[in-house]
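Accompanying notes for the structure given below.
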Protein chains: 2
Amino acid sequence: MDPQRPQVTLRMLADRLGLHVSTVSRALHAKPEEGRRAASSATIARIRELADELGYQPNPHATSLRTQRSNLVGVLVPRLSDLVLATVYEGIQEAARAQGLSTFVTNTKDEPDTQRAQTEMMLARRVDGLIFGDARADGALLAETAARGVPFVLVSRHVAGHTSVTCDDPLGGRQVAEHLLGLGHRDFAVIAGEPYASTGIDRTRGFLERCAEDGMTVPADRIVHSAFDARGGRQAADRVLDAPGPQPTALFAVNDFAAIGAMGALRDRGLSPGQDIAVVGFNDTPLAAELPIPLTSVRSPMHEMGRRGLDLLTRLLAGEPAPSERLAPTLVVRASSDRPPRS
Amino acid sequence: MDPQRPQVTLRMLADRLGLHVSTVSRALHAKPEEGRRAASSATIARIRELADELGYQPNPHATSLRTQRSNLVGVLVPRLSDLVLATVYEGIQEAARAQGLSTFVTNTKDEPDTQRAQTEMMLARRVDGLIFGDARADGALLAETAARGVPFVLVSRHVAGHTSVTCDDPLGGRQVAEHLLGLGHRDFAVIAGEPYASTGIDRTRGFLERCAEDGMTVPADRIVHSAFDARGGRQAADRVLDAPGPQPTALFAVNDFAAIGAMGALRDRGLSPGQDIAVVGFNDTPLAAELPIPLTSVRSPMHEMGRRGLDLLTRLLAGEPAPSERLAPTLVVRASSDRPPRS
DNA sequence: GCAAGATACCCAAACGTTTGGTCCAATCGT
DNA sequence: ACGATTGGACCAAACGTTTGGGTATCTTGC
């Protein structure tokens with residue numbers, strides 16, 4: 001279309017139409033009230049037409065400089081190669097686009113130093129607000145950031161005192177316990193995720209609470225922390241299974257990938273997931289349904305979480321109240337946990 | 001630290017030091033030659049000190065407006081929730097940060113309309129260059145974009161006439177064939193991925209070529225296209241396995257997730273991957289090694305591909321030559337294909 | 001026919017940088 | 001000692017917008 005990228009500016013339009021640049025700006029910018037006062041509707045039409053013809057695109061840097069608003073939001077996640085956060089981010093981005101915002105996203109690997117550095121970097125880029133997908137339970141960085149007056153919301157994980165949109169993780173945990181108890185399981189193990197992530201903490205807590213309601217308690221050495229990936233899950237499962245004494249009949253991993261890793265560990269011991277030991281994951285990753293042994297999992301609305309997160313942020317930016325949200329999970333039972341424990 | 005985000009500007013520094021804003025700019029900006037001519041080293045030190053103390057961060061919008069360079073690069077991928085592209089993007093971002101660049105990334109879902117719209121959107125955001133991770137074999141959009149004088153490179157997939165950094169996919173395919181032929185397999189099926197992606201095309205081609213060298217040919221109905229995910233892989237495998245006649249003894253999926261889906265399809269038929277039928281994937285996803293039946297796969301340097309892609313782009317932006325690169329794959333043999341076919 | 005009010009514009013400043021010029025004083029070569 | 005050089009800084013314009021205020025011209029009410 002264009003010959004060689006000669007960017008069209010307001011001045012070009014103005015000159016070509018014999019108008020002042022400010023007139024053109026108003027004509028293109030303000031639809032409702034301002035527009036009327038700025039130019040005749042005939043002129044506005046002329047301006048619009050030429051703008052379309054030449055493919056005018058406002059220079060966002062000029063706009064941001066003038067308005068002191070970048071229409072940029074920064075997103076921090078542990079890692080984008082984690083499907084869960086990648087999906088959340090897709091939701092964020094989708095909502096952002098709908099609002100005319102753009103997003104920067106960056107990995108922090110759950111390392112506090114990196115989180116801090118990347119937050120700083122986002123602010124240097126003059127984002128209007130931030131979305132943290134990697135909040136740590138202690139919340140030190142968040143407190144600081146809030147004190148600086150930076151608008152932000154949390155997604156996926158929550159921390160008291162900050163607005164967040166999360167899955168109802170305790171409920172999800174309860175649902176898993178309910179399901180397994182219903183099948184007759186009594187001996188559980190939990191692969192609990194990273195100790196600083198509210199997701200793992202809450203899912204585990206919900207699970208244990210529900211167990212407790214049936215008088216069941218899970219021994220401490222059957223609750224092991226782990227990374228949120230297959231390797232982490234395998235290692236955690238190894239620790240549980242290598243312990244002396246009787247084996248659990250059911251295993252709850254707070255993350256699908258950890259569950260897959262755990263299944264591997266089971267297989268290594270000649271145990272068949274779903275037959276010899278029930279396995280349940282969390283998030284209902286697209287993979288879960290397609291695995292050789294389909295994985296029971298709690299569906300969490302990852303995409304939706306991202307969308308709501310961004311919406312909450314824009315509300316915050318508009319000075320409106322932005323109450324935290326908790327989205328409902330749904331248990332999806334599959335072959336990895338569809339039969340009672342072996343006697 | 002800061003009270004309430006009063007952004008520090010050059011003028012503030014200048015005023016506080018009794019200097020001119022241009023002097024401050026030069027002192028902070030140019031280290032080597034320009035700096036010397038701008039101010040005495042004592043003054044430079046004073047300026048630097050105050051800048052650090054106040055936490056001066058140049059306003060990128062002002063800079064971009066003035067210099068006509070945004071230090072932004074746009075990245076288009078099919079979807080970020082695809083681990084492969086997410087990992088490539090991590091590499092891109094890492095390299096970008098090292099160069100002081102920031103990246104916008106967006107999903108195009110491999111839909112031509114979305115690709116076009118997102119390209120336009122990136123350009124409207126005034127990115128300096130683009131990285132396409134979603135190039136289509138036909139290359140129509142790329143040709144247009146090139147004609148407009150927009151600098152870009154391709155990663156993961158390649159298209160003739162554009163600079164790209166890819167895995168040596170044909171070689172990867174050959175390695176798989178070599179391995180399977182070596183085990184004595186003769187009846188193959190290939191899950192070939194999307195027909196518009198050079199990755200799948202090349203991996204399949206390399207595989208078939210190596211087979212042909214041993215006088216082996218794979219019937220056309222044993223080569224099926226598929227989406228690059230577990231569901232796609234399962235569906236494709238279903239099609240192969242439901243066909244009448246003898247079953248293949250080995251199955252090559254051009255993507256690990258497709259391979260996982262295929263394993264599920266095998267399981268449904270009572271076939272045990274690795275025992276009854278060899279399965280090989282591609283990319284050596286972190287998941288591959290941790291699966292219940294560890295998956296043989298071709299390791300492709302995804303991260304590295306991203307890094308090199310960005311480096312190539314910066315070279316392009318600097319007006320230097322930027323020849324395409326092809327990174328070497330490595331076959332990693334695991335239990336899913338470590339024994340000869342059943343007689 | 002005249003003040004008042006729209007209507008349809010234009011003017012100019014400002015956002016925070018960068019950068020080619022200019023200018024003054026000190027230093028230097030001879 | 002005098003013109004040439006240079007070191008050290010200032011000046012001003014420009015990048016492309018937005019926006020509070022003007023200023024003509026045209027209606028309108030009476």
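Throughout, protein chains are lettered first and strands after them, A, B, ... in sequence-line order, and every chain is numbered starting at 1. Side-chain atoms are counted along with the backbone in the values below, which use heavy atoms only and exclude waters and symmetry mates.
- Rounded to an integer number of Å, the gap from Leu17(B) CG to dA9(D) P is 11 Å.
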Give me the distances for all protein-to-nucleotides 15-17 of chain C N/O pairs that come in under 3.5 Å?
from: dC15(C); atom 1: O2; to: Arg66(A); atom 2: N; distance (Å): 3.3
from: dG16(C); atom 1: N2; to: Ala62(B); atom 2: O; distance (Å): 3.4
from: dT17(C); atom 1: OP1; to: Tyr56(B); atom 2: OH; distance (Å): 2.9
from: dT17(C); atom 1: OP1; to: Asn59(B); atom 2: N; distance (Å): 3.4
from: dT17(C); atom 1: OP2; to: Leu10(B); atom 2: N; distance (Å): 2.6
from: dT17(C); atom 1: O5'; to: Tyr56(B); atom 2: OH; distance (Å): 3.1
from: dT17(C); atom 1: O3'; to: Thr63(B); atom 2: OG1; distance (Å): 3.4

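- By the 4.0 Å N-to-carboxylate-O rule, Glu304(B) lies close enough to Arg307(B) to be salt-bridged with it.
- When each of Leu76(B), Leu154(B), Val153(B), Leu312(B) is tested with Ile131(B) by the rule side-chain contact (heavy atoms from CB on, under 4.5 Å), just one qualifies, namely Val153(B).
- Atom P of nucleotide dT7(C) and atom CZ of Arg26(A) are separated by 16 Å, given to the nearest angstrom.
- Remark: C1' of dT23(D) and NE2 of His20(A) are 13 Å apart, rounded to the nearest angstrom.
- Using a 4.0 Å cut-off, some side-chain N or O of Thr43(B) falls inside it from OP1 or OP2 of dA9(D).
- In this structure, the ring of His162(B) has its center no less than 6.0 angstrom from the ring center of Phe132(B).
- Phosphate contact (OP1/OP2 of dC9(C), side-chain N/O of Ser40(A), threshold under 4.0 Å): present.
- For the pair Arg69(A) CZ and dA14(C) P, the computed distance is 24 Å after rounding to whole Å.
- In summary, of the residues considered (Glu194(A), Lys109(A), Arg157(A)), a side-chain contact (heavy atoms from CB on, under 4.5 Å) with Pro78(A) occurs for Arg157(A) alone.
- For the pair Thr23(B) and dC10(D), the criterion of a side-chain N or O lying under 4.0 Å from OP1 or OP2 is met.
- The existence of a salt bridge linking Arg97(B) and Glu90(B) is excluded, since no basic side-chain nitrogen approaches an acidic carboxylate oxygen closer than 4.0 Å.
- Taken from CG in Leu80(B) to CD in Gln93(A), the straight-line distance is 7.5 Å, to the nearest 0.5 Å.
- One N or O donor and one acceptor, one from the side chain of Ser22(B) and one from the base of dC11(D), sit under 3.5 Å apart.
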